[in-house]
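This is a predicted model, so every value here is computed, not measured. Along the sequence shown, residues carry numbers from 1.
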Amino acid sequence: MNHTFPAFQLLALAVAVLFCVIAAAVAFALARWEGAAVPTALSRCGIAFAGSLTLCLAVFAALDRS
């Protein structure tokens, strides 16, 4: 199976974004549970989303080269 089909790539990207949104929501919930203010929790949420999305895209790029 050729993994360069656009539909497969879009599906993989959608799954990665969904995973990153879940990671960000967990980071927000943990920050609020810790007692952080909402702006601080949103900041941690954004950092978690950006970090996990960067990691997912790096893995996709590495898999695409092999």
- Between T40 and A36, is there a donor-acceptor pair closer than 3.5 Å when you use the side chain of the first and the backbone of the second? no

For A48 and A23, the nearest pair of non-hydrogen atoms, with its separation, is CB-O, 4.2 Å

The reported gap from SG in C56 to CG in L18 (rounded to nearest 0.5 angstrom) is 10.5 Å

Subject >> Hphob cluster co-occupancy, L10 + V15, side-chain heavy atoms under 4.5 angstrom >> reply: no

The remaining residues in the hydrophobic cluster of L13, counting side-chain heavy-atom contacts under 4.5 Å among Ile, Leu, Val, Met, Phe, Trp and Tyr, are V17, V21, F49, L53, L57, F60

Cluster membership besides L42, Ile/Leu/Val/Met/Phe/Trp/Tyr side chains within less than 4.5 angstrom, sorted by chain and number, is F28, V38

**OP:** Start with the C-alpha distance between R44 and E34, add both sets of side-chain angles, then the distance that settles side chain to side chain contact (heavy atoms under 4.5 Å, CB included), and finish with yes or no.
**Re:** CA-CA 12 Å; R44 292 183 190 175; E34 187 182 41; 2.5 Å; yes

d(F8 CZ, L11 CG) to nearest 0.5 Å is 7.0 Å

